[in-house]
Amino acid sequence: MKYTLSTCEATMAASEFVGRYRDVERIRQYCLECPGYGTSWGCPPFDFDPCSLTDGFDSVTVMATTIEFAQETRDACATAEESARVGREAMQQVLQSLLPTLYERERQKAGSRVFTFRCALCPEGCTRPEGKPCRHPEWLRHSLESVGFDLEAALRDLMGIELEWSADGSLPKHITLLTALFT
């Protein structure tokens with residue numbers, strides 16, 4: 001699998017970001033349709049108000065990491081299943097490479113909080129479906145969408161990036177992961 005990465009960042013007042021891009025009820029409907037709903041400690045439903053995770057911060061730096069797939073990788077995906085697998089694997093690889101940097105940025109600013117793309121801490125699978133507690137609660141970070149943010153609008157408005165969706169099952173030209181650091 002061949003791809004290249006590009007990144008960009010935007011910083012703004014946390015209250016402005018929350019006001020412009022958080023739409024908990026609308027985004028929750030998308031979560032309800034997700035096959036992963038209730039299967040990860042990083043995703044809803046929660047036993048707390050997810051909005052509380054972004055309260056009390058002054059600023060937010062949102063970071064877009066775009067995975068641009070080589071044409072040969074896209075051409076090698078003969079089925080929708082293969083495209084989905086390659087996309088998931090690429091996102092997993094990129095997220096794993098980003099996590100140390102994201103955690104370090106969080107450590108550098110006392111009281112800050114990172115929001116990742118999705119929880120990917122346990123390759124053996126999350127304990128939530130078994131009714132067991134999270135194996136790594138100290139490292140668990142939630143995604144922006146899991147706490148009600150409209151990623152498509154934020155990427156478009158702040159970075160000029162349009163999310164690409166595949167209507168025919170082919171691998172899109174690019175996939176963008178949005179992470180954030182609230183300080």
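By the side-chain contact (heavy atoms from CB on, under 4.5 Å) test, P100 pairs with no residue at all, sequence neighbours left out. Remark: C77 engages E82, S83, V86, L171 in a side-chain contact (heavy atoms from CB on, under 4.5 Å) (not counting sequence neighbours). With sequence neighbours excluded, no residue forms a side chain to side chain donor-acceptor pair (under 3.5 Å) with H136. Under the rule for a salt bridge (Lys or Arg N to Asp or Glu O under 4.0 Å), the partners of E106 that lie at least two apart in sequence or sit in another chain are R141. Among residues two or more places apart in sequence or in another chain, the side chain to side chain donor-acceptor pair (under 3.5 Å) test is passed with S59 by T183.
Here the side chain of T127 pairs a donor or acceptor atom with the backbone of K132 at under 3.5 angstrom.
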Steps toward side-chain hydrogen bond (donor to acceptor under 3.5 Å, both in side chains) verdict (T65, T7): CA-CA 4 Å; T65 303; T7 61; 5.9 Å; no
CA sep, side-chain torsions, deciding dist, call: V114, T179, side chain to side chain contact (heavy atoms under 4.5 Å, CB included): CA-CA 7 Å; V114 164; T179 56; 5.6 Å; no
From CA spacing to verdict: side chain to side chain contact (heavy atoms under 4.5 Å, CB included), F69, I67: CA-CA 6 Å; F69 292 101; I67 305 165; 3.8 Å; yes
Full working for side chain to side chain contact (heavy atoms under 4.5 Å, CB included) between H142 and R113: CA-CA 10 Å; H142 299 84; R113 182 170 183 88; 3.2 Å; yes
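The two atoms that bring S146 and P50 nearest to each other are O-CB, 4.3 Å, heavy atoms only. Between M1 and A90 the shortest heavy-atom distance is SD-CB, 3.6 Å. Residues P45 and G38 come closest through the heavy atom pair CD-CA, 3.7 Å. Heavy atoms only, all atoms of each residue included: G87 and I175 are closest at CA-CD1, 3.9 Å. Listed here is the closest heavy atom pair of L181 and M63: N-CE, 3.5 Å.
Between R128 atom CZ and S40 atom OG the span is 7.5 Å, to the nearest 0.5 Å. For the atom pair NE2 (H174) and CG (L5), the distance works out to 13.0 Å, reported to the nearest 0.5 Å.
Salt-bridge check for E81 with R85: failed, with every basic side-chain N at 4.0 Å or more from each acidic carboxylate O.
Here V18 sits in one hydrophobic cluster together with M12, F17, Y21, F46, F48, L53, F57, V60, V62, F115, L144, V147, F149, L151, L155, L158, M159, I161, L163, W165, L178, F182; the rule is ILVMFWY side chains under 4.5 Å apart, joined directly or through other members. Under the 4.5 angstrom side-chain criterion for Ile, Leu, Val, Met, Phe, Trp and Tyr, the cluster partners of L140 are W41. As a member of the Ile/Leu/Val/Met/Phe/Trp/Tyr network built from side-chain separations under 4.5 Å, I27 groups with Y30. Residue V24 belongs to no hydrophobic cluster, having no ILVMFWY side-chain heavy atom closer than 4.5 Å to its own.
Among residues at least two apart or in separate chains, there is no salt bridge (charged side-chain N to carboxylate O under 4.0 Å, His left out) pair with a member in residues 164-183. Sorted by first and then second residue, the pairs that involve residues 90-105 and meet salt bridge (charged side-chain N to carboxylate O under 4.0 Å, His left out), not counting sequence neighbours, are E9-R105, E104-R107. Listed by first and then second residue, the salt bridge (charged side-chain N to carboxylate O under 4.0 Å, His left out) pairs that reach into residues 50-78 are K2-E72, sequence neighbours excluded.
Between R88 and Q92 the shortest side-chain heavy-atom distance does not fall below 4.5 Å.
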